[in-house]
Amino acid sequence: MTAHIKPETIAATYGVASDAAFGAISPPLVLSSTFAFEGYERAGRYDYGRAGNPNRDMLGEALAALEGGAGAVVTSSGMAAIDLVLGQLGSADRVIAPHDCYGGTLRLLKARAAKRQFQLSIVDLSDTSALDGALAASPALVLIETPSNPLMRIVDIADITARAKVAGAVTMVDNTFLSPALQQPITLGADYVVHSTTKFLNGHSDVIGGAVVAARAEDAERLRTWSNVIGSAGSPFDAWLTLRGLRTLYARIERQQATAAVIAAFLKQQPQVTAVHYPGLADHPGHALALRQQRGFGAMLSFELAGGVEPVRNFCQNVHVLTLAESLGGMESLVAHPATMTHADMGAEGRQITGISDQLLRLSIGLEHVDDLVADIAQALGGQ
Ligand code: PLP
């Protein structure tokens, strides 16, 4: 792919008409677990499916091109992608992680740290002096998640990566909430970008998958080797589906974020809503930073309802166009209650420290007509 080709074109066409055997336009699905050697001691490009597969490679190449990285490794889930990078650390290494990242990421980090596979500092990354204090301990890796899940807090990727570099640490940014269509952390100094491809990249809620994109080719190669060692690769069919989903990423996310902005503005005006967390709102604390480091505000938002558990339960039970479910980034709009769903494992104390109240609801906005979504939210707030 040449550098001047626009990302929309890369996403829509990567691997199209590249099939040498039949001239297939849609890249063929290669399910074979093993590949014929060309001769004694002469493996072809592929030898065994755990080590490499054409569909995984095609997806990885497309993601690396979109993120501005040197290479990518496609994994069986977003958690496997994060764990692939964590697997590079030793017991003397320290990881700095944000206090408000995805609950599953915190669970993984705490579980690995409890087994002494590395040391862990959990820090509010928006607090510069707390970050500098943690960086003074010479960490090996700083994990960044922005916007954060589910509070949509924004942190400054360029600033944190620069500080981390001075301290001798590499940085890994979870770009799941925005995708490379709206944010490219490697161009802001990150060493790794991780994705739950389950979300916007695939976009159709029918694959669990992940990817790590590395800024440097040697890091991508090391992770590829490690992925073969531990067997964390995603299936060829999942990679094929994800590349198919990626074709429409730019069109989908543009429409989805336009709808999200309307819904955020609508929620803001409702008397039952005490707070709306959407970086596109002018009074969001991260608005100016989001304007600077993102190309859009995304299709995720969260909001808080007044009046105890009852209104929250009513909202979840009364939506019809939206569906009560975990996950995000699909064509269908979803509502999640972080305290009892995605962030339940954090425990009440952890959620309180992080600011995730029992009143908080998270929305992933899909491709339905905006009028239908607004009407659905309005009636669910009314509780009829
Ligand atoms: N990172 C973020 C920001 C997520 O929201 C999730 C899942 O919700 C993950 C990582 C984990 O991805 P997966 O569910 O594909 O393992």
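Bear in mind the structure is a predicted one, so any value in this text is a computation, not a measurement. Just follow the structure's listing: the first ligand is 1, and inside any ligand the first atom is 1.
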All heavy atoms of Met152 vs all of Met300, minimum pair found to be CE-O, 3.2 Å

Do the two ring centres, one from Phe315 and one from Phe303, sit under 6.0 Å apart?
-> yes

Mind checking ring-ring contact (aromatic ring centres under 6.0 Å, His included) for His204 and listing every partner two or more places apart, or none if nothing turns up?
-> none

Considering residues at least two apart in sequence or located in another chain, which fulfil the ring-ring contact (aromatic ring centres under 6.0 Å, His included) criterion with Tyr250?
-> none

Who else is in the cluster with Ile25 when I, L, V, M, F, W and Y are joined by side-chain contacts under 4.5 Å?
-> Val16

Could you check if a side-chain atom of Leu373 sits within less than 4.5 angstrom of a side-chain atom of Phe266, using non-hydrogen atoms only?
-> no

Extract all N/O-N/O pairs under 3.5 Å that connect ligand 1 to the protein, and present each with both atom names and the distance rounded to 0.1 Å.
from     : atom 1 : to     : atom 2 : distance (Å)
ligand 1 : 1 (N)  : Asp174 : OD2    : 2.6
ligand 1 : 5 (O)  : Asn149 : ND2    : 3.2
ligand 1 : 8 (O)  : Lys199 : NZ     : 2.7
ligand 1 : 12 (O) : Ser196 : OG     : 3.0
ligand 1 : 15 (O) : Gly78  : N      : 2.9
ligand 1 : 15 (O) : Ser196 : OG     : 2.8
ligand 1 : 15 (O) : Thr198 : OG1    : 2.7
ligand 1 : 16 (O) : Gly78  : N      : 3.0
ligand 1 : 16 (O) : Met79  : N      : 3.0

